[in-house]
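Below: the structure, in structure tokens.
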Amino acid sequence: MLVVMKFGGSSVADLEKIRNVAERCIKKRKEGNQVVVVLSAMGKTTDGLLAQAGEISKMPSRREMDMLLATGEQVSVSLMAMTMIQMGVTAISLNAWQVPMHTTSVYQNAKLKRIDTERITKELDSNKIVVVTGFQGINKYDDVTTLGRGGSDTTAVALAAALNADLCEIYTDVDGVYTADPRIVPDARKMPEVTYEEMLEFASLGAKVLHSRCVEMARRYNVNLVVKSSMSEEEGTIVKETTKMEKMLISGVAVDKNIAKIAVSGMKDNPESTFRLLNLMAKNGVNIDVMIQSLEKDGTKTLTFTVARPDMMMTLDLLKKYSDVIGNANVGCEEDVAKVSVVGAGVSSNPGVAAKMFEALSNAGINTDMVTTSEIRITAVIKESEAEMAMRAVHDRFASEWE
């Protein structure tokens with residue numbers, strides 16, 4: 001079998017943990033498998049680099065940020081390969097341009113276009129464990145690019161797809177996908193399996209186990225995906241097309257505190273104004289999530305939407321720079337917001353789901369600002385300070401579903 005094993009920053013935070021991961025990968029190799037390992041940067045390395053850049057500029061060059069942030073993974077893969085070699089196993093580390101992994105040219109949020117597998121295949125055929133940097137690639141200018149939040153997960157799934165791997169294992173600091181974040185909700189339950197569709201919603205709504213782009217890719221290329229703990233041997237959660245479990249009303253609850261709310265008021269009340277604003281965001285790679293449009297008494301309209309918090313400053317800068325596009329409207333921003341969501345196949349088929357969710361929020365004294373729904377989820381925008389309380393309240397209301 002060919003297995004791709006991905007480990008996050010907390011799993012390789014120090015040399016002791018690197019050795020633990022090395023032992024796990026070597027064990028997989030000794031079981032007769034070919035092994036490709038994908039690593040994130042060690043511990044809080046990326047946060048430290050971001051802080052240093054922030055001391056220089058509030059809005060540093062996106063190209064130079066990619067050059068900076070890509071160094072973190074190069075450190076972790078080289079230390080891992082050294083550790084494996086010291087333990088008597090042949091291994092080699094490769095970064096993005098050595099593979100190579102080709103991406104688009106959008107710095108800090110590039111997308112993988114293709115992966116040349118010849119080098120990795122050659123090293124695997126030489127009985128080596130191949131350790132590859134996650135989170136990064138190279139564009140047509142041979143510049144280093146990074147894949148954005150959760151990029152190492154995306155790298156792992158993309159490699160599994162390109163190499164036709166038999167299995168892709170994503171190792172984290174939790175031992176699977178839970179009905180809620182177990183660090184916030186102690187009685188959250190681990191799900192033995194979850195569908196790609198449900199996992200995609202969890203990922204896009206703030207669950208930190210997998211990133212949405214990696215789930216999209218796994219579904220597109222039918223990659224066998226498992227979420228496991230790097231600290232234990234327990235069975236993880238299988239992510240796949242369909243599950244054998246009888247469908248519950250909801251599969252779980254997610255919270256995302258990494259958002260900002262932006263309101264653009266005083267826009268002309270015509271279809272073109274909304275299109276022009278959304279088109280501006282799309283052309284600059286800003287993803288809009290929850291969105292509400294309202295008509296004001298003076299005949300203008302207000303468009304209120306949420307974006308990922310790292311995109312907030314860029315969004316505000318775009319709206320200021322291209323004020324003519326939105327008709328010189330007024331722009332306001334709020335950061336003390338979060339999303340709480342319920343996810344599950346029963347959302348669309350059972351009208352009681354929404355009532356239960358908002359009953360739980362009401363009983364906890366939590367007011368909602370914006371609401372959006374899809375076939376398998378309901379999302380409410382609330383105050384960030386109430387996010388964890390909201391997750392616990394909603395999870396408790398649906399707890400009987402998992403008994």
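Every heavy atom of this structure was used, including side-chain atoms; hydrogens, water molecules and symmetry mates were not.
- A donor atom on one side chain and an acceptor atom on the other are not found under 3.5 Å apart for Ser265 and Glu296.
- More than 12 heavy atoms of other residues, nucleotides or ligands lie within 6.0 Å of CZ in Arg309, so this atom counts as buried by the packing criterion.
- Just one of Glu388, Glu386, Glu384, Glu335 meets the salt bridge (charged side-chain N to carboxylate O under 4.0 Å, His left out) condition when paired with Lys257; it is Glu388.
- Taken from CD1 in Ile382 to NZ in Lys339, the straight-line distance is 11.5 Å, to the nearest 0.5 Å.
- Within 6.0 Å of CD in Glu31 there are more than 12 heavy atoms belonging to other residues, nucleotides or ligands.
- In this structure, Glu123 CD and Glu118 CD are separated by 11.0 Å, a value rounded to the nearest 0.5 Å.
- Exactly one residue among Leu147, Leu200, Val157 makes a side chain to side chain contact (heavy atoms under 4.5 Å, CB included) with Cys214. That residue is Val157.
- Look at Lys261 and Glu334 and you find a salt bridge, because one of the NZ, NE, NH1 or NH2 atoms lies within 4.0 Å of a carboxylate O, short of that distance.
- Here the straight-line distance linking atom CG of Leu79 with atom CD of Gln74 works out to 10.5 Å at 0.5 Å rounding.
- Judged by distance alone, with hydrogens and angles left aside, the side-chain atoms of Asp66 form a donor-acceptor pair with the main-chain N or O of Thr146 at under 3.5 Å.
- Residue Lys383 places its NZ atom among 12 or fewer non-hydrogen atoms of other residues, nucleotides or ligands, all under 6.0 Å distant.
- Residues Asp143 and Tyr107 form a side-chain contact, since some pair of their non-hydrogen atoms from C-beta on lies under 4.5 Å apart.
- You'll find the side chain of Glu201 stays beyond 4.5 Å of the side chain of Ser341, heavy atoms only.
- In the model, Ser273 has a side-chain atom that pairs as donor or acceptor with a side-chain atom of Lys301 under 3.5 Å.
- Asn109 has its side chain within reach of Arg213: a pair of non-hydrogen atoms, C-beta onward, lies under 4.5 Å apart.
- The environment of Met67 atom CE is sparse: at most 12 non-hydrogen atoms of other residues, nucleotides or ligands sit within 6.0 angstrom.
- A donor-acceptor pair under 3.5 Å links the side-chain atoms of Thr90 to the main chain of Asn127, judged by distance alone.
- Tyr171 has its side chain within reach of Arg24: a pair of non-hydrogen atoms, C-beta onward, lies under 4.5 Å apart.
- Using a 4.5 Å heavy-atom threshold, the side chains of Leu277 and Met281 count as touching.
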Apply side chain to side chain contact (heavy atoms under 4.5 Å, CB included) to the pair Val307 and Met314, showing each step before the final yes or no. CA-CA 10 Å; Val307 297; Met314 181 174 69; over 6 Å; no
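- The environment of CE in Met313 is sparse: at most 12 heavy-atom neighbours from other residues, nucleotides or ligands sit within 6.0 Å.
- Counting only heavy atoms from C-beta outward, the side chains of Ile18 and Phe7 never approach each other to under 4.5 Å.
- Open room surrounds CD on Gln86; 12 or fewer heavy atoms of other groups in view lie less than 6.0 Å from it.
- Ile326 has its side chain within reach of Val331: a pair of non-hydrogen atoms, C-beta onward, lies under 4.5 Å apart.
- Side-chain atoms of Gln136 come within 3.5 Å of backbone N or O of Ala70 as a donor-acceptor pair.
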